Amino acid sequence: MAAYDQLISGYREFRANYLGDDNKEWLKVAGKRQDPKVMMVACSDSRVHPAILTRSALGELFMIRNVANVVPPFEEGGDDSTYHGTSAAVEYAINHLHVEHIIIMGHSGCGGIGSLMDNSITDETQGYSFIRPWMKIVEEAASFTDLEKVSMSKASRTCVCEKRAILISLNNLASFPWVKKAIQKGELQMHGWYFDIKSGNLSEYNMKVGEFEEIT
Ligand SMILES: [Zn+2]
């Protein structure tokens, strides 16, 4: 229960400040609507918390968190058996909140990506009935040539896979018609981020160079 009790005690501390004088002006606006300028797609991983990592406050980040920070491609229609939680959030962020930036943030040691890199995990593996089909969206990221398999360590390939998956999700994001339109109109920018848990380094994908570069 210690973990749960810690949450309650944290909440009590938060609430005491929340209704304090410093927050009064903000509450006047926030009580009516939200107006974030940034949407972030991050992994559910507990070690990669976007607001903590960027020192963001309430109201600043419109968040999607899912396994391995994946954005599926745009799908027209979709039957009743298909659920589009991530796509719905993208739609809301663009068409209603008019965010100016969308950031997809991947990270090192990602369990979702690890499942792609682990050949022992198949469609029949117990405990992966939802993870497996979800990760298929970015499975191309785990495709390596025989030469790459010999010349690169498993750790290096996993890191490459994590970064490639971010690029696939960025491409998928750009397949949504209203995302495409907002980019063309200069109203929206997309960014790919990669967070290394051990070093704490954050890299940003440079679209012109085609590489992730460390933010210093
Ligand atoms: Zn992850």
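Just so you know, ligand 1 is whichever comes first in the structure, and atom 1 is the first atom listed for that ligand. For clarity, every value in this text was computed on a predicted model and none was experimentally measured.
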Residues passing the side chain to side chain donor-acceptor pair (under 3.5 Å) test with Asn171, sequence neighbours excluded, are none
Determine, for Lys136 against Asp123, whether the closest basic-nitrogen to carboxylate-oxygen distance falls under 4.0 angstrom. yes
Listing protein N, O or S under 2.8 Å around the Zn ion (ligand 1) gives Cys43 SG, His107 NE2, Cys110 SG
Side chain to side chain donor-acceptor pair (under 3.5 Å) pairs touching residues 92-102, sequence neighbours excluded, are His101-His191
- Message: Under 4.0 Å between a side-chain nitrogen and a carboxylate oxygen: does that hold for Lys24 and Asp22?
- Response: no
Applied to residues 157-168, the side chain to side chain donor-acceptor pair (under 3.5 Å) test, sequence neighbours excluded, yields Glu162-Tyr194
- Do the side-chain N and O atoms of Glu211 and Asn206 include a donor-acceptor pair separated by under 3.5 angstrom? no
